[in-house]
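For the single chain, residues carry numbers from 1 onward in sequence order.
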Amino acid sequence: MKELIENAGIFAWPLGLCSVLAIYIILERLLALRPGRIIQRNVVQHYIDGNLESIPSETLTVSGRIASFFRTNKPDAEGIKAYARLEVARMERGMFVLDVVIGAAPLLGLLGTVTGLVRVFENVNVDTGLPDPTGFVQGVALALTTTILGLSVAIPALIGNAFLHRRIDILSARLEVGVERLIDLANQREKQPEDS
């Protein structure tokens with residue numbers, strides 16, 4: 001591994017940074033997007049049953065923050081939707097960095113490949129048409145190692161990104177059930193003064 005990093009030259013630094021960022025974002029989002037931190041399964045059932053009094057309004061979970069917002073602010077339907085969108089946006093925090101890593105790592109690898117090939121061809125002896133053996137080996141090593149490192153960073157980041165986006169979609173769908181129920185309650189609350 002040490003030889004691989006040495007052969008990558010200056011490209012090892014940005015690829016290493018991409019690797020650290022990807023690992024950090026994936027681990028942080030895995031911890032933050034645990035179902036218990038967003039909406040527990042029993043809370044979804046409370047929303048479906050209309051048993052909103054049983055929903056805790058603590059601020060440790062997204063569903064709790066939404067329920068607390070509904071109880072304290074008495075918003076209309078659009079206010080509930082806006083607040084729910086804000087909470088979903090918080091769930092996606094940092095995901096754009098993972099998207100950047102997925103795009104940048106292979107491009108950095110490709111840049112290293114091109115740089116390595118330029119080194120190979122700039123050391124060609126004009127008289128014989130053959131490359132200098134040392135320059136040839138260093139150029140090919142740079143080309144291959146940067147490609148390997150770029151793909152080694154991008155592929156796991158891509159898998160982690162897909163997994164996290166799927167988890168966000170599932171949790172958002174659970175939250176949507178609750179938000180729709182809160183919207184129904186908000187609409188009923190708005191109609192009550194008119195009827196009386």
Side-chain angles (χ1 to χ4, degrees), residues 14-108 150 153-196:
L15 287 168
L17 177 64
C18 286
S19 176
V20 168
L21 286 172
I23 290 169
Y24 175 77
I25 295 296
I26 290 170
L27 291 177
E28 188 274 333
R29 287 291 85 198
L30 282 173
L31 289 173
L33 295 174
R34 291 175 299 184
R37 294 282 313 246
I38 307 299
I39 184 169
Q40 294 98 353
R41 290 183 192 274
N42 63 339
V43 172
V44 175
Q45 195 58 46
H46 289 310
Y47 276 116
I48 291 171
D49 296 340
N51 189 7
L52 296 176
E53 294 77 30
S54 300
I55 299 171
S57 60
E58 83 281 344
T59 57
L60 296 176
T61 65
V62 173
S63 62
R65 288 193 295 270
I66 292 172
S68 178
F69 174 79
F70 178 77
R71 289 178 183 147
T72 57
N73 296 313
K74 301 191 182 346
D76 62 353
E78 291 304 312
I80 297 167
K81 287 180 186 176
Y83 190 78
R85 280 193 303 271
L86 176 68
E87 288 294 336
V88 170
R90 286 181 183 160
M91 289 167 46
E92 295 172 342
R93 184 179 57 232
M95 294 299 291
F96 76 95
V97 175
L98 204 52
D99 291 335
V100 170
V101 168
I102 291 167
L107 291 175
L108 286 166
V153 171
I155 291 170
L158 182 63
I159 292 168
N161 189 46
F163 178 80
L164 290 171
H165 275 295
R166 179 69 181 143
R167 180 172 277 186
I168 289 169
D169 289 344
I170 290 169
L171 294 171
S172 296
R174 285 187 196 167
L175 286 171
E176 195 171 326
V177 170
V179 168
E180 288 300 320
R181 186 70 177 125
L182 292 177
I183 289 171
D184 289 343
L185 289 172
N187 289 338
Q188 290 172 7
R189 187 172 55 206
E190 288 176 6
K191 290 178 182 177
Q192 284 177 349
E194 294 173 9
D195 296 339
S196 54

Practice prompt. Under the salt bridge (charged side-chain N to carboxylate O under 4.0 Å, His left out) rule, collect the residues that match up with Lys74, sequence neighbours excluded.
Written response: none
Worksheet item: Taking all atoms of both residues into account, what is the closest heavy-atom pair of Leu31 and Arg37, and its distance?
Response: O-CG, 4.1 Å
Item to complete: Identify the heavy atoms of Gly79 and Asp76 that sit nearest to each other, and give their distance.
Response: N-OD1, 2.9 Å
Item to complete: Using the test side chain to side chain contact (heavy atoms under 4.5 Å, CB included), find all partners of Ala82 that sit at least two apart in sequence or belong to another chain.
Response: Arg85
Worksheet item: What heavy-atom pair brings Asn187 and Ala77 nearest, and what distance separates the two atoms?
Response: OD1-CB, 4.1 Å
Practice prompt. Identify the two heavy atoms, one from Cys18 and one from Leu108, that lie closest to each other, and give their separation to 0.1 Å.
Written response: SG-CD1, 4.1 Å
Fill in: Point-to-point distance, once rounded to the nearest 0.5 Å, from CD1 of Ile170 to CD1 of Ile39
13.5 Å
Can you list, pair by pair, the side-chain donor-acceptor contacts under 3.5 Å of residues 172-179, counting residues two or more places apart and other chains?
from   : atom 1 : to     : atom 2 : distance (Å)
Ser172 : OG     : Ile168 : O      : 2.7

Item to complete: List in chain and number order the residues that pass side chain to side chain contact (heavy atoms under 4.5 Å, CB included) with Leu107, two or more places apart in sequence or in another chain; answer none if no residue qualifies.
Response: none
Worksheet item: Name the one of Leu171, Val88, Ile38 that satisfies side-chain contact (heavy atoms from CB on, under 4.5 Å) with Val62?
Response: Ile38
Discussion item. List the residues meeting side chain to side chain contact (heavy atoms under 4.5 Å, CB included) with Leu86, not counting sequence neighbours, and say none if there are none.
Written reply: Tyr83, Arg90
Practice prompt. Write out all pairs satisfying salt bridge (charged side-chain N to carboxylate O under 4.0 Å, His left out) with one or both partners inside residues 21-31, taking only residues at least two apart or from two chains.
Written response: Glu28-Arg93
Fill in: Any Leu30 side-chain heavy atom under 4.5 Å of Leu164 side chain
yes
Response to the item:
The reported gap from CD1 in Ile80 to CG in Leu185 (rounded to nearest 0.5 angstrom) is 8.0 Å
Practice prompt. Not counting sequence neighbours, which residues clear side chain to side chain contact (heavy atoms under 4.5 Å, CB included) with Ala157? List them please.
Written response: Ala22, Leu98, Val101, Ile102
Worksheet item: Tell me, do Phe163 and Ile26 make a side-chain contact under 4.5 Å, heavy atoms counted?
Response: no
Response to the item:
Residue pairs passing the side-chain hydrogen bond (donor to acceptor under 3.5 Å, both in side chains) test with at least one member in residues 156-171, sequence neighbours excluded, are Asp99-Asn161, Asn161-His165
